[in-house]
Amino acid sequence: MTEPLAPQYDPSAIEAPLYAWWQERGFYHVDANGAGEPYVIQIPPPNVTAVLHAGHGLNNTIQDVLIRFERMRGRRALWVPGTDHAGIATQNVVEKLLAKEGLTRFDVGREAFVERVWSFVHETGGQILDQLKALGASCDWSRTYFTLDADLSRAVREVFVRLHEQGLIYRGKYIINWCPRCLTALSNEEAEKEETEGRIWHLRYPLADGSDSLVVATTRPETMLGDTAVAVHPDDPRYAGLIGKHLRLPLVGRLIPIIGDDAVDPAFGSGAVKVTPAHDQTDFEIGKRHDLEQLNIMTPDAHLNDAVPERFQGLERFEARKRVVAEFEAEGRLVKVEPHRHAVGHCYRCGTVVEPRLSDQWFVRMQPLAAPALAAYRDGRVSFIPERQGDNYANWMENIRDWCISRQLWWGHRIPVWYCDAEGCHTTIVARETPTRCTACGGTVTQDEDVLDTWFSSWLVPFSSLGWPDETEDLAAFYPGTTLVTAPEILFFWVARMIMAGLEFRGEVPFRTVYLHGTVRDTQHRKMSKSLGNGIDPLEVIERFGADALRYTMVSGMAVGTDLILDPADLESSFAPGRNFANKLWNIGRFLLGHLEAGVAPIDTVAAVDLTLADRWILARASEMITTATQHYERYRLNDAVAAVYHFLWSDLADWYLEQVKPRLYGNVSGGETARAVAAHVFDIALRMLHPVMPFVTETLWKRLPGSGPDATISLAAWPVGADGRADAAALGDFGALQALVGAVRVLRAEYAVGPGAMVNVTVVDPSEAVQRAIAADADTIRRLAKIESLVVGAAPTEAGGTIVLDDRTTVIVPLGDLVDIEKECARLGGEAGKLEQLVSAQEAKLANENFVSRAPAAIIAKEREKLDAWRAQSATLREKRAALGCTD
RNA sequence: GGGCGAAUAGCUCAGCUGGUUAGAGCGCCUGCCUUACACGCAGGAUGUCGGGGGUUCGAAUCCCUCUUCGCCCACCA
């Protein structure tokens, strides 16, 4: 508290120790039975192997702003952190490490591999949580969870078993999205559709009797090797006679029937569709309806298997495509090839083109879970910001499809299903506790090989992180949560499913508000990504500019519902404003605190009569700022909130109030004590209002304010609520007049290049009421800030001077003798006059418009008349001045 | 193929329910190392609010349409 502050703020010296102190004091730990209404945010758990990127930076900054805001408002603010075991992603990382040793997971074996992943996670995992600390995230770290922890695994089993008991989980052979690289099934959400410039091949199939042929179109010709029918629309007259006949499948020679099915669109292509039930969703369904053979022609890694003619066996799928097309061409059966845009699924983890594959998988029946989740949105129990995201949610819920939850991975929650080993027993056990014996025959059992989709554990986090399935105190206190902050990309993966799980297992939505923020992009509006190399490393930004600067830029740069555009090639332009703001704050503090060491009186002990115009003004501005910034925080308009505080601190407090107050602090002038009290009071307010966005610098300065004490933290200080009773709106107008007067003199000084040290004389002619009051209240400040030797109110001086018409009456004249160029002055005033006259005539026309006068509200008309009067008066004054100067047009 | 969003100063963007002489930060120009801050201070320039039509007394703001970007969803082979 006593060592002097350096002239420049150095965040790197301050942030880490300060964070350590917060943590050591346990300020952000929240008990189940504390005081205050709970406010709960669940972090979107980052992958355990993740490294902090700009998206995390944005997401967690927003959460921290909200949690700090609510904490200061007296809520029992709990931010629950955790990491996700991220099945595919983590397994891939470890497999890559193995590959460097020339090994695959199959070489190592399941048990050893899982061991290996665990040790990898223990060694390097969770580093992102430390990186969040560098960002300033005020999580309750004592509650950190990992989705593969024993507790959360228990919740997963409980949910699986309950859903199974309710008949909502089933196993079956269906077409699923298969990643041939990761060798696992994916959910629909995990298969990312991308518009792709592809081709469509038209192939001719002959009738078995050779009498005729028809043409089918396909984007994946290699699948024809698995065709077991060709379908046409039953009402299509072109094919009316062909239904029931057979075709001879080229290259293979197999006989396949022509069938009629409503799913075929006669208008598309030739109106005939090759049917490959084992390799296409639609074809699978057609196949079911017609009892067609499901011929699987591919191995798990997408090579052709022995179900195809020998010459194709073992070919990789795209290689096979070329061969098939070539043979069709050679046989003269390739009718045409056309370019074709279509959506192709890609694995969301490795980008490989997904192969629809027929396989045995576990599914969750979603419709019964979706109905209540949709209702909760419709009746407002959960709402979205921005609102339009709710439509997305509703649309997905309405068209929900069953969720494929089994993954052919080793890293994850093993499916809690066991099969009896005994021949002929066929008993399947679905259980919370691992069984040792078959319940039917007492024989040995073997657990299902598959693990569950990662999201099958993360959708439970709002309650599993609080101890469920036990009815813990935490659960009672902190479920349901309040706000969820995340990126729109995981609306379906995670948000929608959490709502379903919350309703199903707790009977209540897991949070009331879902704030979906934008994406961080580069200046070409591309998403930041490792592969594009256009990312911004938040840790580098923190190192160079400070965490507060990073947070400031993220918050101020993004309005609700918009993306955040940053230039990775020019960090300076993005983050210097935040650094500069922190430095400004630091210097305000440096200046003020130096004057407060002797102690400062609490604001409520200051008598109203002792308050100067400037005091009353800054108090009034502080009140306004509290109201507007608080409203913006409440409405998630964080950019507006921080802008309001920024403007108050920089443009009001630093630029005007501190300048006004200097003599009172430095000199032996009366009013010093009042100035200190007011300055300390409004600075304290502003620090609190800014703390959610810039926690480090605000805490550092706040702790040095007299009265804070070494144990106090701004993060638990009360949120400023209201106006000081002595702040009055009149001060806003009067101090505004003072500012305008000073500004006018400064403009004239600049206009005529009056040297910075030179003093000028100023005559104010016919001052308005507000200007009169300003001069009466604080002529000293006006003189000092505008460097005025003598300030007089009276008639215009005879000496030539620069002139500014301030308002409808007031004229400010700075006599400058030879410095004044009359022609230039006339031109300048003429320009002003011209602008005003345009305004006046436009305004006159408006008020002469019968329609306007009769239809516009009275208040608007009155306002417009006032404007006209003011402009007319100002214009008249300008004319007079020009006449006095002898200006000619 | 559906659904949605965006187009405002050189750049990144505000402008919430229609009435401001259309704003901020950065950048740019001029002058200042004024004892809190040159990461600063004072002053300044820059916009037919994407094009066209409409509603209205009044439109950056509401409606239609076009253009250009972007996002989400979709089993048309």
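Sequence lines set the chain letters: A, B, ... in the order given, protein chains first and strands last, and positions in each chain run from 1.
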Hey, does [X] reach any base, or is it just sugar-phosphate, or nothing, if we go heavy atoms under 4.0 Å?
| X | result |
| --- | --- |
| A:Asp640 | sugar-phosphate |
| A:Arg544 | nothing |
| A:Ala643 | nothing |
| A:Gln389 | nothing |
| A:Tyr636 | nothing |

With both distances under 3.5 Å as the test, what is the Watson-Crick or G-U wobble partner of [N]?
| N | answer |
| --- | --- |
| B:rA24 | B:rU12 |
| B:rC69 | B:rG5 |
| B:rA74 | none |
| B:rG43 | B:rC29 |

Item to check | Heavy-atom pair of closest approach, residues A:Arg749 and A:Ala758 | outcome: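 For A:Arg749 versus A:Ala758, the nearest heavy atoms are NH2-O, 2.8 Å.
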Item to check | Shortest non-hydrogen separation from A:His517 to A:Pro488 and the atoms involved | outcome: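 Here A:His517 and A:Pro488 meet closest at O-CD, 2.9 Å.
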Next on the checklist: Keeping A:Asp236 on the side-chain end and A:Val232 on the backbone end, is there a donor-acceptor pair under 3.5 Å?
Outcome noted: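 No.
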Checklist entry - Are the side chain of A:Thr562 and the backbone N or O of A:Met558 linked by a donor-acceptor pair below 3.5 Å? => result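 Not at all, since once roles are kept as given, no pair shorter than 3.5 Å links the two residues.
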Checklist entry - Is the NZ or CZ atom of A:Lys824 positioned over A:Tyr752's six-membered ring, under 6.0 angstrom from the centre and within 45° of the axis? => result yes
Between [X] and [N], does any side-chain N or O lie under 4.0 Å from OP1 or OP2?
| X | N | value |
| --- | --- | --- |
| A:Arg579 | B:rC39 | no |
| A:Trp656 | B:rC41 | no |
| A:Lys584 | B:rC41 | yes |
| A:Thr562 | B:rA14 | yes |
| A:His647 | B:rG25 | no |
| A:Arg401 | B:rC75 | yes |
| A:Asn639 | B:rC13 | no |

Taking only the [atom1] atom of each, what is the distance from [N] to [M] in whole angstrom?
| N | M | atom1 | answer |
| --- | --- | --- | --- |
| B:rC63 | B:rG18 | C1' | 13 Å |
| B:rG25 | B:rU67 | P | 38 Å |
| B:rC73 | B:rG27 | P | 39 Å |
| B:rU48 | B:rA9 | C1' | 14 Å |
| B:rA60 | B:rU8 | P | 15 Å |
| B:rA38 | B:rA22 | P | 36 Å |

Next on the checklist: Could you check, using the six-membered ring where one of them is a Trp, whether A:Phe384 and A:Tyr377 have ring centers closer than 6.0 angstrom?
Outcome noted: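 When the ring centroids of A:Phe384 and A:Tyr377 are compared, they turn out to be within the sub-6.0 Å range.
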Candidate nucleotides [options], ranked by approach to the side chain of [X] - the nearest:
| X | options | answer |
| --- | --- | --- |
| A:Leu839 | B:rU21, B:rC41, B:rC73 | B:rU21 |
| A:Arg388 | B:rC39, B:rC4, B:rA77 | B:rC4 |
| A:Asn392 | B:rC71, B:rG19, B:rC72 | B:rC72 |
| A:Lys867 | B:rG43, B:rC73, B:rU21 | B:rU21 |
| A:Asp265 | B:rU12, B:rG40, B:rC76 | B:rC76 |
| A:Trp650 | B:rC75, B:rU21, B:rG40 | B:rG40 |
| A:Phe852 | B:rA77, B:rC72, B:rG19 | B:rG19 |

Next on the checklist: A side-chain contact here means heavy atoms from C-beta on lying under 4.5 Å apart; do A:Val216 and A:Asp227 qualify?
Outcome noted: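 Answer no - side chains too far apart.
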Checklist entry - Are side-chain heavy atoms of A:Phe581 and A:Trp586 found at a separation under 4.5 Å? => result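 The answer is no; the side chains never approach within 4.5 Å.
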Please write out each protein N/O paired with an N/O of nucleotides 16-18 of chain B under 3.5 Å, distance rounded to 0.1 Å.
residue : atom : partner  : partner atom : Å
B:rC16  : O2   : A:Arg635 : NH1          : 3.3
B:rC16  : O2   : A:Arg635 : NH2          : 3.0

What pairs of nitrogen or oxygen atoms, one from the protein and one from nucleotides 27-32 of chain B, lie under 3.5 Å apart?
none

Item to check | Euclidean distance, A:Arg238 CZ relative to A:Ser270 OG, rounded to 0.5 Å | outcome: 7.0 Å
Next on the checklist: Among A:Ile536, A:Leu571, A:Leu58, A:Ile542, exactly one meets side-chain contact (heavy atoms from CB on, under 4.5 Å) together with A:Leu550. Which residue is that?
Outcome noted: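 Only match with A:Leu550 under side-chain contact (heavy atoms from CB on, under 4.5 Å): A:Ile542.
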Checklist entry - Atom CD of A:Glu489 to atom C1' of B:rG5: distance rounded to whole Å? => result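 That distance rounds to 15 Å.
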Next on the checklist: Can you classify the ring geometry of A:Phe492 versus A:Trp396 as parallel (below 30°), tilted (30 to 60°) or perpendicular (above 60°)?
Outcome noted: parallel
Checklist entry - In terms of ring plane angle, is the pair A:His342 and A:His340 parallel, tilted or perpendicular, where the classes change at 30° and 60°? => result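 Plane angle between 30° and 60°, so tilted.
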